Amino acid sequence: MNTLVLAGVVGYLIGSIPFSYIIPKLKGIDITKVGSGNVGGTNVLRNLGAKYGAAAMFLDIMKAVIAVLIFKKFGEQPMVMAGAMSVIGHCYSPFVKFKGGKGVATTLGSFFAIFPQAGMFALGIWIMVVALTKYVSLASMIGLTAGTLFSLAFGKRYWVIFLALTLFSIMRHKENIQRLLNGNERKTDVVDYFLG
Ligand code: G3P
C-alpha cells in the first residue's frame, strides 16, 4: 500500500478511538446525552470534573500526536496526512455511529506533533480566550485559527491543511456560533475546574 494511503488509514483508525465517549461510559454516563452532548473533552470536564476532563482532552490530543509521530520518518506529506485523518476519525468514528467531537483537541494534537511552536501558540491563545470569556467554543475557534496563521507566518507549506482542519472544526461549531450570537452559549470556567 502507498505510504500516503497507509498514513490516512492508520491516522483515521487511531483518531476514531473515542476516548471522550469511553471515559464517561466507564462511569456509567452517555456523554451524548448530557451537557452539550458533544463527544469532547470540554463536555467530559463539565459532567465528570477536572480529572476525567483532563484525561479525555489529553488522550484526544495524544491520538493525533501518535498518528503523526508514526509517519514522521516517511516525510512531511504522510505525517500531515496521518494528523489530518486522525481528526476525521475523531469526528466520524465508526465506534460511535460515525459521530464524534468537533475536532479541537485532535487538531491541536496534530499542530503540536507537526509544528510544536504552532501547537504551543494555539494552546496559549486558547487558554487566554477561555480564561477571559469562559466560552470554550470561542477559544477553540480562535486558538486553531491562531495556530494556522502562525504556520503561515513561518512559511510552512502545510498551513493550507491546518487551515482546512480549522475551517472544518469551525463548521462543526455551527450551533455554538449560533448560541454565541444569541448570547446563550454555555460558559465553562475551565481555569476554575483545574485550579479552583
Ligand atoms: O471542544 C469543543 C468545544 O470547542 C466546544 O464544546 O461542549 O461547549 O460544545 P461544547
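When a ligand or atom number is given, it counts from 1 through the structure's own listing order. Small disclaimer: the values here were computed from a predicted structure and weren't measured. Excluded from the calculations below are hydrogen atoms, water molecules and symmetry mates; all remaining heavy atoms, backbone and side chain alike, are included.
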Classify the ring geometry of F150 against F115: parallel below 30°, tilted from 30° to 60°, perpendicular beyond 60°. tilted

The side chain to side chain contact (heavy atoms under 4.5 Å, CB included) partners of L4 (sequence neighbours excluded) come to N2, Q77, P78, M81

Option from L180, N176, N182 for which side-chain contact (heavy atoms from CB on, under 4.5 Å) with Q178 holds: N182

Indicate yes or no for a side-chain donor-acceptor contact from N43 to the backbone of N38 under 3.5 Å, with no hydrogens or angles considered. yes

Once you round to the nearest 0.5 Å, how far does NZ of K156 lie from CD of E76? 8.0 Å

Any idea which residues sit under 4.0 Å from ligand 1, heavy-atom distances? S36, N38, T42, R46, K102, V104, V136, S137, S140, H173, N176

Establish, yes or no, whether a centroid distance under 6.0 Å links the rings of F162 and F111. yes

